[in-house]
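Here's the structure, in structure tokens; my notes come after.
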Amino acid sequence: MYAEIIIPLALPKNYTWGIPTELAEGVMIGMRVEVMLGPNKRYAGIIKQILTEKPDGFNPKPILGVLDETPIVYPAQLQLWEWMASYYMCTEGEVMQAAVPSHLKISSESVFILNEEANIDGQHLSDTEYIVSEALQIKKQLSLVEIQKLLDKKSVYPIINKLIQKGICSVEETMHDKYTIKVENLLHLHPDYHSEAALEQLLNDWTRAPKQLALLLSFLHLQKTEGHVQQKALLEKSDASHAQLKALIDKGILVVEKRKIDRLAVDASMGNANLHQLSAAQQLAYDSIVEQMKTHSVNVLHGITGSGKTQVYAALIEQAIQSNQQALYMLPEIALTAQMIRRLKQYFGGKIAIYHSKFNPNERVEIWNKVKSGEIKIVLGARSALFLPYKNLSLIIIDEEHDASYKQQDPAPRYQARDTAIYYANQLGAKVVLGSATPSVETYYNAMQKKFGYYHLKERFSEGALPQMFILDTKKQNDQSAILTPELLEAIRATVAKNKQVILFQNKRGYAPYLICETCGWIPHCKQCDVSLTLHKGKNLLSCHYCGAAYPVVHTCEACGKQSFKQKSFGTEQIEEKLALALPTLRIARMDLDNVKGKNEHDQLIQQFERRAIDVLVGTQMVVKGLDFEHVDLVGIVDADSLLNFNQYRVNERAFQMMEQVSGRAGRKNDQGKVIVQLSQTNHPVIGFVKDHDYSAFYEFEINNRKHFAYPPFSRLMSILLKHKENHIAEEAANHFLKSLDPMIQKTVMGPAQPIINRIRNKYIWELCVKITKQPKQLQIAKKQLLHFIRLIEVHPRYKSVQIIIDIDPN
Ligand code: ADP
Ligand code: ZN
Ligand code: ZN
């Protein structure tokens with residue numbers, strides 16, 4: 001017998017291995033097996049198919065071992081992976097890479113894992129050790145090859161060895177699961193002292209070692225207040241040392257029990273599904289969707305901001321789990337899951353779990369297993385939650401379905417999680433609900449074509465109206481250089497004076513997006529990218545927002561040698577500074593990529609804002625999305641022009657969504673909110689739609705444009721990027737590629753052209769964009785041809801080092 005096996009790599013196809021007779025008994029589709037690839041690489045691959053026929057023309061190597069007793073994925077998942085690989089033109093190995101938590105993927109290369117408990121700052125590390133441990137902190141684990149690259153040295157074992165000795169990382173060379181059970185130490189009083197009399201005597205007779213006595217008393221106190229005593233908690237509380245604790249244990253006064261902690265089972269509460277009754281309007285929405293589900297597998301809930309879509313989703317989820325099915329609630333960004341889980345826990349208690357790629361690998365394995373067994377009923381997560389092994393998934397909610405973050409950019413699979421979820425739901429016979437206040441043009445189009453069911457929830461739950469919009473023409477300002485107009489400043493002051501809160505939105509971070517020499521116009525650029533450098537004042541450096549490189553601030557012009565620069569445009573950091581200068585008593589916080597790093601920092605900021613410890617939150621996109629704050633009365637869009645000036649077919653859609661969404665943060669409960677939009681292009685049509693909160697007028701305008709230029713939803717786009725460190729090679733390869741195509745397909749190609757940012761990380765970029773009409777089979781034919789010629793380029797003597805990136809349905 002033989003098996004087709006998926007290896008988590010970008011191999012052109014799946015390979016076949018032989019199943020030795022002694023292993024044949026225990027082998028099933030979806031299990032992991034250990035195989036050799038090439039002379040010395042070992043991988044744990046997943047069995048996709050079991051074959052009885054020997055493959056033609058070669059002798060497969062044998063499978064070395066089986067890792068699992070039961071499959072880790074269901075056949076339906078393997079079917080999904082196959083579809084994704086074919087639709088998004090990548091490999092099943094790449095899909096596996098994205099889909100399976102790292103602790104279930106094992107290879108002889110992926111072995112050095114950060115010890116989360118390690119205190120790296122407190123260790124004395126050499127420079128090289130520091131480099132590796134820093135990379136480990138960011139990436140959590142590194143392969144030998146990665147470490148080699150990092151250090152650019154032949155011999156890296158001694159360094160790794162040091163890191164292991166210092167407890168910073170651990171090696172996993174075996175093919176066994178890296179999944180470790182987490183254990184805690186609980187402390188108990190020895191049974192000899194369980195009676196009060198015996199304890200009293202012990203304390204009375206105590207003579208020496210006062211520190212131990214103090215520790216014992218702390219223990220007794222904790223036991224009384226907490227019920228059980230964790231060793232860690234006791235040591236923290238009592239300030240005692242391990243040695244003192246050990247003495248009490250050695251004397252037989254305390255005993256230690258090691259107990260396995262279930263990482264997830266912290267919250268066993270039941271929740272309360274009746275917590276919020278649906279409003280009459282919400283009930284109508286719910287009923288309509290339930291009805292439409294009978295005929296449509298995808299339904300759109302178009303509900304204005306603050307209409308209480310979450311409430312409707314919760315009711316739908318409740319219905320699904322009542323019939324013992326599972327539900328998935330997807331959000332576009334990890335950052336949003338923290339606030340949402342607090343809201344959903346109120347209904348569903350411990351039945352709901354969060355899952356996303358920033359979770360610790362051990363927790364991910366634990367959730368994986370509990371979803372597989374059906375123990376977890378509801379999953380809240382970002383894109384990757386789609387890949388969990390659902391036992392019986394019947395409902396997928398896609399909240400903020402219009403959000404661009406549902407598309408994975410890098411690396412492959414470059415998939416649209418919303419579209420993939422729709423495919424998967426169809427495959428499983430599950431239902432999908434797409435929710436948004438500003439549906440994507442494609443989704444709304446599908447609803448209008450009756451392909452999707454549709455319901456429009458038009459009123460806010462609070463019965464408040466949508467916020468009033470004020471457009472401030474910056475051309476008419478006396479002081480053209482002012483970032484915050486006097487009107488906006490006054491509105492902020494007045495709002496805070498009423499004890500209400502403010503959100504200021506600007507989609508650029510940093511202090512000034514570029515510097516320019518006042519004499520000759522020279523602009524400092526990144527050395528590796530065709531990108532101007534953003535000034536970050538707090539960190540006192542210039543940063544490239546494409547490759548992350550940082551440079552010292554320049555004071556002397558490289559072109560003319562003069563020393564005076566002007567700062568151009570502005571980012572969130574500057575808004576924060578200018579606001580603090582103008583209104584020094586306000587409590588201002590900033591939320592952007594520079595300021596919030598970990599998943600907790602973001603949530604802490606949100607909670608502070610919820611508690612009203614902050615008056616004004618200045619932020620990028622991060623503050624726009626789906627958050628629900630009770631006391632925000634004013635939203636300022638500081639530079640709306642920057643949203644309108646993109647050369648991209650979706651620019652109007654994105655600008656409308658962004659402005660409507662950020663406006664939707666104002667006046668969600670009680671009073672009507674107010675939005676101030678600072679802008680110079682006051683006649684731009686999108687501004688008119690935003691001003692009236694008129695989605696359907698926006699849609700009419702936009703769909704006509706799309707039709708006129710045959711953009712999606714009237715066509716499908718594929719972008720092909722060709723990258724090379726020599727500009728002319730990338731360009732030639734793009735032309736060569738274009739010329740090889742069938743004239744029929746050639747006609748559908750735009751380009752080759754250089755994107756606006758035409759060099760990133762020292763590679764020049766040329767782009768071809770294929771626009772395919774929506775005729776059946778067209779897409780398949782085009783894809784087949786493209787793939788064929790891409791393979792030819794990959795072996796072409798002149799172009800084989802050109803990197804080719806295919807993106808289907810690009811953002
Ligand atoms: P949307 O996602 O549609 O913008 P949310 O679901 O965030 O709106 O709801 C807005 C606010 O109204 C939330 O604070 C929510 O708790 C409250 N809310 C909505 N519906 C109800 C309800 N039926 N009962 C109580 N509160 C509700
Ligand atoms: Zn100059
Ligand atoms: Zn750069």
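Both counts, for ligands and for their atoms, begin at 1 and track the order of listing. Throughout, residue positions are numbered sequentially from 1 according to the sequence presented. Basis for what follows: all heavy atoms, side chains included, without hydrogens, waters or symmetry-related copies.
- For the ligand labelled ligand 1, residue Arg343 lies inside the 4.0 Å heavy-atom shell.
- Angle SG(Cys544) to the Zn ion (ligand 3) to SG(Cys526), rounded to 10°: 110°.
- Contact between Pro513 and Gly571 at its shortest, heavy atoms only, is CD-N, 4.0 Å.
- The shortest heavy-atom contact between Pro467 and Lys674 is CB-N, 4.0 Å.
- When non-hydrogen atoms are compared, ligand 1 lies under 4.0 Å from the side chain of Asp628 (C-beta onward) but not from its backbone.
- Contact between Leu457 and Ala281 at its shortest, heavy atoms only, is CD1-O, 3.7 Å.
- Atoms of ligand 1 found under 4.0 Å from any heavy atom of Ser279, numbered from 1 in the order shown, are 23 (N).
- For the pair Ser307 and ligand 1, a heavy-atom separation below 4.0 Å is found.
- Taking every non-hydrogen atom of Gly308 and a distance limit under 4.0 Å, the qualifying atoms of ligand 1 come out as 1 (P), 3 (O), 5 (P), 6 (O), 8 (O), 9 (O), 19 (C).
- The shortest N/O to N/O separation between Gly306 and ligand 1 falls below 3.5 Å.
- Annotation: Lys498, atom NZ; neighbour count of heavy atoms from other residues, nucleotides and ligands within 6.0 Å is above 12.
- Inclusion of Cys547 in the first shell of the Zn ion (ligand 3) is supported: an N, O or S atom falls under 2.8 Å.
- Of the candidates Glu442, Glu401, Glu400, Glu401 is the only one forming a salt bridge (charged side-chain N to carboxylate O under 4.0 Å, His left out) with Arg418.
- Each protein N, O or S atom less than 2.8 Å from the Zn ion (ligand 2) was counted, giving 4.
- When non-hydrogen atoms are compared, ligand 1 lies under 4.0 Å from the backbone of Ile304 (N, CA, C, O) but not from its side chain.
- Residues passing the salt bridge (Lys or Arg N to Asp or Glu O under 4.0 Å) test with Lys407 are Asp807, sequence neighbours excluded.
- A side-chain donor-acceptor contact under 3.5 Å links Glu653 to the backbone of Val441.
- Ranked by closest heavy atom to atom 3 (O) of ligand 1, the top entry among Lys309, Gln661, Met340, Gln277 is Lys309.
- For the pairing with His302, the ring-ring contact (aromatic ring centres under 6.0 Å, His included) check across Phe452, Tyr699, Tyr695 returns one residue only, Tyr695.
- With hydrogens and angles left out, the side-chain atoms of Gln567 and Gln574 include no donor and acceptor closer than 3.5 Å.
- Close approach to Thr305 involves these atoms of ligand 1, each under 4.0 Å from a residue heavy atom: 4 (O).
- Gln322 and Glu318 are linked by a side-chain donor-acceptor pair at a separation below 3.5 angstrom, with hydrogens and angles left out of the test.
- The number of heavy-atom neighbours closer than 6.0 Å to OH of Tyr546, taken from other residues, nucleotides and ligands shown, is 12 or below.
- Although no hydrogens or angles enter the test, the distance criterion places a donor-acceptor pair under 3.5 Å between the side chain of Arg759 and the main chain of Lys527.
- Close approach to Thr310 involves these atoms of ligand 1, each under 4.0 Å from a residue heavy atom: 2 (O), 5 (P), 6 (O), 7 (O).
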